[in-house]
Number of protein chains: 2
Amino acid sequence: MAPSRPQTVAALLADTEPFKRLTPAQRQRLVAASRERRYAKGETVFREGQPADAVCIVKEGRVHLIKFLEGGQASTTCVMTPGETFCCLPALDRKPYPADAVAAADSVVVRVPTEAFHQLLQENPTFLQDSLCLFCDRLRQVEQKSCLAYDSVERRLAQALLGLSKKFGATVPLTKHELAELAHTTVETTIRILGHFRKQGLITSARGSTTISKPETLRRLAGL
Amino acid sequence: MAPSRPQTVAALLADTEPFKRLTPAQRQRLVAASRERRYAKGETVFREGQPADAVCIVKEGRVHLIKFLEGGQASTTCVMTPGETFCCLPALDRKPYPADAVAAADSVVVRVPTEAFHQLLQENPTFLQDSLCLFCDRLRQVEQKSCLAYDSVERRLAQALLGLSKKFGATVPLTKHELAELAHTTVETTIRILGHFRKQGLITSARGSTTISKPETLRRLAGL
DNA sequence: GGGCGTGTATGACGTGCGTCACAGAGTGTT
DNA sequence: AACACTCTGTGACGCACGTCATACACGCCC
């Protein structure tokens, strides 16, 4: 069997936006051009400012998109899980990657060359339309999120947990440190506030994971 | 002369993104469908959640895009000046307006019906491409900005001033209250920090405006 | 076993900035 | 002139949260 396992990749694409509505033949063209790569935990997939040579899809593991603020403080803007596509933005406007991408666990990533993606955009108005809608959604999300930035840490943490539970289910496999980077705060504050949540019976917490026991109450607390 | 002054509107469109590269005939079609309206200071152009019936271009005055946070606190996300187009997002995905738009001064706004805009998108791949690029830029901007949210108020104010000076020149005609809403802070803190800037000779300030005297130093302070 | 790195936890301390209270200066309106 | 309203400015106070120090539990490697 070939190391790139093309049939599996095709199945992955068939199930992820914006590739869902492509014909099998079109998908096959992308698959043929794309390559699969394994990243060890902590390894960098790409860096902010690099020319964007590929659109990426997570196949296994977990990849974090990270921005570095003034003073070197890391802030993860997004947690990508299997089946999620990231950075089609550069494929549309051919500008560099807007953030760092780092494997937060041992991961497998499918890389579709920007060229192939872009060519398909030109040829296929439906694909263009779908990509566009994906983008509009993303823009709305980001605008929404930038409003939450001014909430209290308690709220941001509650929202981070709820967002992650959509991807992972009730138990979220992130360390407190990773949660802190997501909620733009420090580990200490994160631990303290999760402590409050625990005392209220909203969550239970273990080494490397925290599980939500009362999502409703947490949602109220998050202001949603 | 007709009250909508079509020839002036055409000239306006010819000079603003994403309409620049349209042919005069195509622009004329948009102009014919669009309407000009005057808004008094404080008047609402549209509200968040309303169906988006028009793409708007500021012709005179100043329009603020405003989000209301939990607790009713207003936060202006964007200051639109003459020649700027706002809310093409809903024209692309046909979803509601994502924010309130309020005239911050007596203003004149050209409203291009979403339908006309959308139809042109379908017919004209170049126009679609240009709109797309405008969007990608906007997405990058917003992502950038959402990082700045976690900076100190001092930095956010410095950045707000510098950003505004690109549109208005050295003297920025906003009240301290408006600056506060832009930097997501309170009037009191804004006044205090502008006070520091003034003592350092970076700015001078008057009723309803502040003028930047040392943009370089301010830029350093803003971390840019 | 003993070291070492990482994740979790808790306390003490300082501070940026929001909140409240008050006041003068400018502008418009009757 | 008198009043109301907005804009600007200053001081006092409190609190959420960042910073620093310390400690213990767990896994990994020699």
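Convention: sequence-line order gives letters A, B, ...; per-chain numbering from 1.
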Of T171(B), I212(B), L174(B), which meets side chain to side chain contact (heavy atoms under 4.5 Å, CB included) against L164(B)?
L174(B)
In a check of side chain to side chain donor-acceptor pair (under 3.5 Å) between E216(A) and each of K214(A), R219(A), R220(A), which one passes?
R219(A)
Keeping the roles fixed (side chain from T114(A), backbone from A52(A)), state whether a donor-acceptor pair exists under 3.5 Å.
yes
What is the ring orientation for F19(A) with F117(A), classed by angle as parallel under 30°, tilted 30 to 60°, or perpendicular over 60°?
perpendicular
Between T185(B) and dC17(C), does any side-chain N or O lie under 4.0 Å from OP1 or OP2?
no
Do E143(B) and S146(B) have side-chain atoms, one donor and one acceptor, less than 3.5 Å apart?
no
When we call it a touch if two heavy atoms are under 4.0 Å apart, what does A206(B) touch: a base, just sugar-phosphate, or nothing?
sugar-phosphate
Main-chain N/O of R62(A) paired to S107(A) side chain as donor or acceptor, under 3.5 Å:
yes
Does any N or O in the side chain of D106(B) come within less than 3.5 Å of the main-chain N or O of K41(B), such that one atom is a donor and the other an acceptor?
yes
Using whole Å, report how far NE2 of H177(A) lies from P of dT8(C).
10 Å
Check: K167(B) and V172(B) side chains under 4.5 Å, non-hydrogen atoms
no
Rounded to the Å, how far apart are L157(A) CG and dA16(D) P?
15 Å
Separation of E154(B) atom CD from dG16(C) atom C1', in whole Å?
11 Å
So if I define the base as every atom that isn't primed, P, OP1 or OP2, how would nucleotides 24-30 of chain C read as a B/S/- string at a heavy-atom cutoff under 4.0 Å?
--BS---
Between dG16(C) and S152(B), is there an OP1 or OP2 to side-chain N/O distance shorter than 4.0 Å?
no
Round to the nearest Å and state the distance from K41(A) atom NZ to dT6(C) atom C1'.
9 Å
Counting only heavy atoms and a strict 4.0 angstrom limit, can you tell me which residues of residues 187-199 of chain B come near DNA chain C?
E188(B), T189(B), R192(B)
Length of the CD-P vector between E181(A) and dT6(C), whole Å:
14 Å
Give a yes/no answer on whether the side chain of K176(B) brings an N or O atom under 4.0 Å of OP1 or OP2 in dC7(D).
no
Test ring pair (Phe, Tyr, Trp, His ring centres under 6.0 Å) applied to F68(A) - qualifying residues, sequence neighbours left out
none
Calculate the interatomic distance between Y150(A) atom OH and dC17(C) atom P; express it in whole Å.
12 Å
